[in-house]
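Basis for what follows: all heavy atoms, side chains included, without hydrogens, waters or symmetry-related copies.
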Amino acid sequence: MTEKQKLIILSQPQRATLEGLSNRRPQLPTDPIRDELVTLGLVVKQGAKWALTPQGKKVLAAGSNRRNAGGFSV
């Protein structure tokens, strides 16, 4: 049985936040957009730092593909 794929489409602020995390930019203590990404399971807190989950890295890579237009099937 195959698992149903769901499409994740990030808004521009969410993409910018995901890119910022991947580039290790300094993060604010409170960030509602980052909290949304945590809910989606794309980023995780590791001690004082934030890191992308493997799924978050896939979404970021897929979003950089122009034909894909930021959507990614998980």
Side-chain angles (χ1 to χ4, degrees):
M1 194 168 133
T2 59
E3 191 178 315
K4 184 155 174 58
Q5 292 190 331
K6 64 180 186 218
L7 190 69
I8 294 178
I9 299 175
L10 299 179
S11 67
Q12 192 53 44
Q14 288 174 320
R15 255 197 84 61
T17 301
L18 203 57
E19 287 169 0
L21 285 169
S22 72
N23 295 333
R24 298 271 188 265
R25 278 189 213 134
Q27 296 296 310
L28 298 169
T30 57
D31 184 348
I33 295 168
R34 186 183 59 217
D35 296 342
E36 290 169 25
L37 294 171
V38 170
T39 308
L40 288 170
L42 303 181
V43 296
V44 66
K45 189 165 171 74
Q46 295 179 333
K49 293 187 176 168
W50 291 84
L52 271 63
T53 62
Q55 185 181 342
K57 289 177 185 166
K58 278 192 212 163
V59 170
L60 191 61
S64 63
N65 179 346
R66 286 182 182 275
R67 287 175 301 157
N68 204 330
F72 177 66
S73 297
V74 181

In this structure, NZ of Lys45 is separated from CG of Leu21 (nearest 0.5 Å) by 10.5 Å
Arg15 side chain near Leu60 side chain, heavy-atom distance below 4.5 Å: yes
Leu37 and side-chain contact (heavy atoms from CB on, under 4.5 Å): which single residue from Thr53, Val44, Val59, Leu18 fits? Leu18
Sequence-distant partners of Ser11, side chain to side chain donor-acceptor pair (under 3.5 Å), two or more places apart: Gln14
Correct closest heavy-atom pair for Arg25 and Ala16 would be NH1-O, 4.0 Å
Report the residues that fulfil salt bridge (Lys or Arg N to Asp or Glu O under 4.0 Å) with Glu36, sequence neighbours left out, ordered by chain and then residue number. none
For Asp31, side-chain contact (heavy atoms from CB on, under 4.5 Å) partners two or more places apart: Thr17, Gln27, Ile33, Arg34
